[in-house]
Amino acid sequence: MAAEGSGAQDPALGCGEPPTTKNSGSATSTPGEMDKPLISRRLVDSDGSLAEAASGAPKVGILGTGDFARSLATRLVRSGFSVVVGSRNPKRTAGLFPSAAQVVFQAEAVESSEVIFVAVFREHYSSLCGLSGQLAGKILVDVSNPTEQEHLQLRESNAEYLAALFPTCTVVKAFNVISAWTLQAGPRDGNRQVPICSDQPEAKRVVSELAHAMGFTPVDVGSLAAAWEVEARPLHLFPSWKVPVLLALGLFVFFYAYNLTRDVLQPYVREGKSKFYKLPLSVVNTSLPCVAYVLLSLVYLPGVLAAALQLWRGTKYSRFPDWLDHWLQHRKQIGLLSFFCAALHALYSMCLPLRISYRYDLVNLALKQVLTNKSHLWVEENVWRMEIYLSLGVLALGTLSLLAVTSLPSIANSLNWREFSFVQSSLGFVALVLSTLHTLTYGWTRAFEESRYKFYLPPTFTLTLLVPCLVILAKALFLLPCVSRRLTRIRRGWEKDSAVKFTLPVDHALGQKTSHL
Ligand SMILES: Cc1cc2nc3c(=O)[nH]c(=O)nc-3n(C[C@H](O)[C@H](O)[C@H](O)COP(=O)(O)OP(=O)(O)OC[C@H]3O[C@@H](n4cnc5c(N)ncnc54)[C@H](O)[C@@H]3O)c2cc1C
Ligand SMILES: NC(=O)C1=CN([C@@H]2O[C@H](COP(=O)(O)OP(=O)(O)OC[C@H]3O[C@@H](n4cnc5c(N)ncnc54)[C@H](OP(=O)(O)O)[C@@H]3O)[C@@H](O)[C@H]2O)C=CC1
Ligand code: HEM
Ligand SMILES: [Cu+2]
Ligand SMILES: [Fe+3]
């Protein structure tokens, strides 16, 4: 396939194209076509069936007859367009499409429409090269999604590859974020966003109107160079949650293994007692609260580290190390996971007295009392301890719920910045203190009883107390007037050694200390 010396065409990349009268490179669209309204009369009959497309309806072409093409055709027909589908074998595939859509050979479909969706996988793009003559000057919509591997290996987006194959067409990247299923069902509300990019503003406008007519919200994301990023979007699975979720899982595995060793394996090995029934509920409910509690302290630890770093450096104008920056940005996710674990812990705790094993224990204890002729079992200290730690737990969870609720965008938007940071920063810290008191009162003096050290392992709650107590102590330290005054000044832009910022390296050593305050 030899290129015919037309200026913008790259013979190494393009399909090679028979000479046409149209300009290559620039998108050429007949003005008459563009002036037509894109949305035309209703094509859905009152009984919901699809009517024959009116002959004047704007025509949209689709190459490919797969799942995506089928759903797209259905949605387009329902939105009032006349659809021509191009197949390599129209006879075989025509039955799969709504009757209002025409299914013809590829060349014929391409001939009659100005906008053509390419619903074909990337590896088959080159098989469309035979159509490049008829496609010249038309708008090609690339809807494809690469696999994660392709995306990383190829570096060049599918849309740019298509544009290189068909230099005489205008390529628009769109709809790749919409699944065939969503297309078929139709967007439930007008919020479904479709990022659209292209080097040609006019083509972008046409495709945006199409998206709009189909009930989606088009979002202009720039030139075709943005296609790589647009193609990356459907590949991510909750990107900002990955590290926090792994952190929570890691903590859970650690605490579960720790509690398993202490509460189940130790009695089995030492006394031959089988306590494996504890695995599904009891051990989970000693692990979950520890995860919730440690995660909560990890939400407030980076703020403390940041403040310490600023105090030590004496300026706020140097960047935090990457790990701290990343940590600060993931506090919301870590906090919400903490809330999730705490809520589960509360529910599990409600279930503790529902267990049959608990009732057996009660009955056995009662029987023992009868046999030993004891009456009125009541340990005042235990009663108080439990009343207090449960109440503190409920208060802690209640405070955390406030944080969780204000993290919903609709609620966050109704608060001003000060209100939001009061809830997040101050109430969040109160929740941390309440959780600490809950854990301390639950633990009581048991940290100091030798019998609680199974396999020399200290009780779980003593482990979990380490980081949170450190955070609380550090926060208290920052409240000391001398420290807090200095921190406030630094946050207002004061620097310990302001000469660093304004003088050349030669003068650096001579820089005198000046205060801006
Ligand atoms: C359930 C839940 C939901 C959450 N949802 C969100 C959310 O939606 N969005 C979100 O961003 N985070 C959220 N978080 C995370 C967390 O609540 C916030 O990041 C919170 O602002 C952190 O508070 P901080 O005081 O540690 O940090 P910052 O407010 O960033 O402060 C950092 C440090 O600077 C100090 N400091 C701050 N301002 C000053 C000042 N003016 N003068 C002197 N010292 C100062 C603080 O004492 C602290 O030591 C959530 C957490 C939980 C548990
Ligand atoms: N399915 C989905 O949910 C989504 C799909 N997409 C994208 O849409 C495109 C199509 O996906 P999908 O419909 O699922 O895929 P399918 O495999 O179901 O369909 C691909 C179609 O391509 C046509 N085709 C044209 N030339 C060739 C060729 N040389 N070899 C093989 N097939 C060819 C075939 O139609 P015929 O035989 O009639 O010519 C075939 O039906 C892909 O790029 C995909 O990334 C994007 C978002 C979501
Ligand atoms: C309605 C709210 C809550 C209730 C009813 C509750 C109840 C309980 C109960 C019954 C225990 C003892 C578990 C056992 O016997 O094994 C416990 C322990 C604990 N709870 Fe809570 N709690 C609540 C909220 C919280 C919150 C918000 C946190 C922290 C974020 C928390 C952290 C802990 C910790 C760390 C332990 C010690 C676990 C151990 O080492 O065994 N709890 N809680
Ligand atoms: Cu991260
Ligand atoms: Fe990240």
Side-chain angles (χ1 to χ4, degrees), residues 63-71 85-90 92-93 103 106 118-124 126-128 142-146 158 175-183 234 259 282 285-290 292-296 299-304 306-308 310 328 331-336 338-339 341-343 345-346 348-350 352 386 389-390 392-404 406-409 412 420-421 423-429 431-432 434-436 438-439 442-443 459-465 474-475 478-479 484 487-488 491:
L63 285 175
T65 54
D67 299 329
F68 194 82
R70 248 184 340 262
S71 308
V85 182
S87 172
R88 291 166 304 166
N89 188 349
R92 192 190 54 183
T93 46
V103 183
Q106 287 177 337
V118 183
V120 171
F121 281 101
R122 176 193 176 121
E123 61 261 40
H124 305 309
S126 54
S127 74
L128 304 173
D142 183 306
V143 299
S144 66
N145 275 320
N158 291 356
F175 290 102
N176 65 306
V177 299
I178 305 294
S179 71
W181 189 84
T182 309
L183 267 177
N259 291 322
S282 238
N285 196 37
T286 33
S287 311
L288 267 181
C290 298
Y293 185 40
V294 172
L295 283 180
L296 188 60
V299 170
Y300 294 92
L301 181 58
V304 167
Q310 289 179 337
L328 285 163
R331 285 179 296 177
K332 174 176 178 167
Q333 287 80 4
I334 300 175
L336 286 171
S338 161
F339 172 70
C341 293
H345 160 57
Y348 270 113
S349 295
M350 310 284 168
L352 291 177
M386 200 142 196
Y389 90 69
L390 282 180
L392 286 167
V394 172
L395 287 177
L397 187 68
T399 317
L400 274 184
S401 327
L402 287 178
L403 269 78
T406 44
S407 70
L408 295 172
F420 183 77
S421 95
V423 174
Q424 291 295 337
S425 190
S426 309
L427 283 189
F429 186 65
L432 183 65
L434 286 170
S435 308
T436 304
H438 169 66
T439 313
Y442 164 74
T460 323
F461 69 90
T462 52
L463 283 191
T464 62
L465 279 165
K475 281 260 194 193
F478 292 151
L479 284 180
S484 104
L487 196 58
T488 312
R491 296 223 155 117

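Remember, it's 1-based here, ligands and their atoms both numbered in the order they're listed. Along the sequence shown, the residues carry numbers beginning at 1. Keep in mind that this is a model prediction, so the values were computed, not measured.
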May I ask you to decide if H124's main-chain N or O and S127's side chain share a donor-acceptor pair within less than 3.5 Å? yes

Would one find an N or O of S425, backbone or side chain, under 3.5 Å from an N or O of ligand 1? yes

Would you please write out the protein residues whose heavy atoms approach any atom of ligand 2 to under 4.0 angstrom, listed by chain and number? G64, T65, G66, D67, F68, S87, R88, R92, Q106, A119, V120, F121, H124, S127, V143, S144, N145, N176, I178, S179, A180

Tell me if a side-chain donor or acceptor on T182 pairs with a main-chain N or O of I178 at a distance below 3.5 Å. no

Below 4.0 Å from ligand 1: does a non-hydrogen atom of A404 turn up there or not? yes

Can you give me the closest heavy-atom contact between S484 and F478, atom names plus distance? CB-O, 3.0 Å

Check this for me - ligand 1, T406, N or O atoms closer than 3.5 angstrom, yes or no? no

Looking only at non-hydrogen atoms, the one of A412, G303, A431 nearest atom 49 (O) of ligand 1 is G303

Would you find a donor on one side and an acceptor on the other, under 3.5 Å apart, between the side chain of S71 and the backbone of A180? yes

Going by heavy atoms, is F420 under 4.0 Å from ligand 1? yes

Report yes or no: do D142 and N158 form a side-chain donor-acceptor pair below 3.5 Å? no

Which atom of A306 lies closest to which atom of L328, heavy atoms considered: CB-CD1, 4.5 Å

Determine whether the side chains of Q310 and R491 contain a donor N or O and an acceptor N or O closer than 3.5 Å. yes

Rounded to the nearest 0.5 Å, how far apart are CG of L296 and SG of C341? 11.0 Å

Quick one: look up the protein heavy atom nearest atom 13 (C) of ligand 3 and list residue, atom name and how far away it is. N285 ND2, 4.1 Å

Given that the side chain starts at C-beta and the backbone is N, CA, C, O, which of these parts of L403 lies under 4.0 Å from ligand 1, counting heavy atoms, or is it both or neither? both

Quick one: is the NZ or CZ of K475 closer than 6.0 Å to the six-membered ring centre of Y300, and within 45° of its axis? no

Under a 4.0 angstrom heavy-atom cut-off, which atoms of ligand 1 come close to L296? 53 (C)

Assess the side chains of N285 and S349: does a donor N or O sit below 3.5 Å from an acceptor N or O? yes

If you compare all heavy atoms of A343 against all heavy atoms of L397, which two are closest, and at what distance to 0.1 Å? N-CD1, 3.9 Å

Identify, by atom number and element, the atoms of ligand 3 in contact range of F461, meaning under 4.0 Å from any of its heavy atoms. 40 (O)

So how far is it from T406 OG1 to Q424 CD, rounded to the nearest 0.5 Å? 4.5 Å

What protein heavy atom sits nearest atom 16 (O) of ligand 3, and how far away is it? T286 CG2, 3.3 Å

Which atoms form the tightest heavy-atom contact between K332 and S407, and what is the distance? NZ-O, 3.4 Å

Which of the ligand 1 atoms, numbered from 1, are nearer than 4.0 Å to a heavy atom of L336: 3 (C)

Among all protein heavy atoms in this structure, tell me which lies nearest to atom 14 (N) of ligand 1, with the distance rounded to 0.1 Å. Q424 OE1, 3.1 Å

On a heavy-atom basis, the closest approach of S401 and F339 is CA-CE1, 3.6 Å

Of the listed options F429, F339, Y300, closest to atom 23 (O) of ligand 1 (non-hydrogen atoms): Y300

Atom 40 (C) of ligand 1: the protein heavy-atom neighbour that sits closest, reported with distance to 0.1 Å: R491 NH1, 4.0 Å

So which of K332, K475, R331 gets nearest to atom 7 (C) of ligand 1, if we judge by its closest heavy atom? K332

May I ask you to list the atoms of ligand 1 that are less than 4.0 angstrom from any heavy atom of L400? 1 (C), 53 (C)

Using a 4.0 Å cutoff against the non-hydrogen atoms of G335, which atoms of ligand 1 qualify? 1 (C), 2 (C), 51 (C), 52 (C), 53 (C)

Right, does atom 25 (O) of ligand 1 have protein non-hydrogen atoms nearer than 4.0 Å? yes

Do any protein N, O or S atoms sit under 2.8 Å from atom 21 (Fe) of ligand 3, and which ones are they? H345 NE2, H438 NE2

Side-chain (S338) to main-chain (I334) donor-acceptor, under 3.5 angstrom: no

Ligand-residue contact atoms, ligand 3 with L390, heavy atoms, under 4.0 Å: 7 (C), 10 (C)

Got a donor-acceptor contact below 3.5 angstrom from the H438 side chain to the L392 backbone? no

Keeping the roles fixed (side chain from N145, backbone from N176), state whether a donor-acceptor pair exists under 3.5 Å. yes

Quick check: closest heavy atoms across V120 and L63, and the distance to 0.1 Å? CG2-O, 3.5 Å

So which heavy atom in the protein is nearest atom 8 (O) of ligand 1, and how far is it from that ligand atom? S407 CB, 2.7 Å

Using a 3.5 Å distance criterion without hydrogens, assess whether the side chain of R92 forms a donor-acceptor pair with backbone atoms of N89. no

For Y348, does the OH atom sit with more than 12 other heavy atoms under 6.0 Å from it, leaving out its own atoms? no

Would you confirm whether any non-hydrogen atom of the protein falls under 4.0 Å from atom 31 (O) of ligand 1? no

Is it the side chain, the backbone, both or neither of N259 that has a heavy atom closer than 4.0 Å to ligand 3? neither

Going by atom types only, do S87 and T93 share a side-chain donor-acceptor pair under 3.5 Å? yes

Which ligand 1 atoms, with their elements, are less than 4.0 angstrom from a heavy-atom of V299? 15 (C), 16 (C)

Please list, in number order, the atoms of ligand 1 under 4.0 Å from a heavy atom of L487. 44 (N)

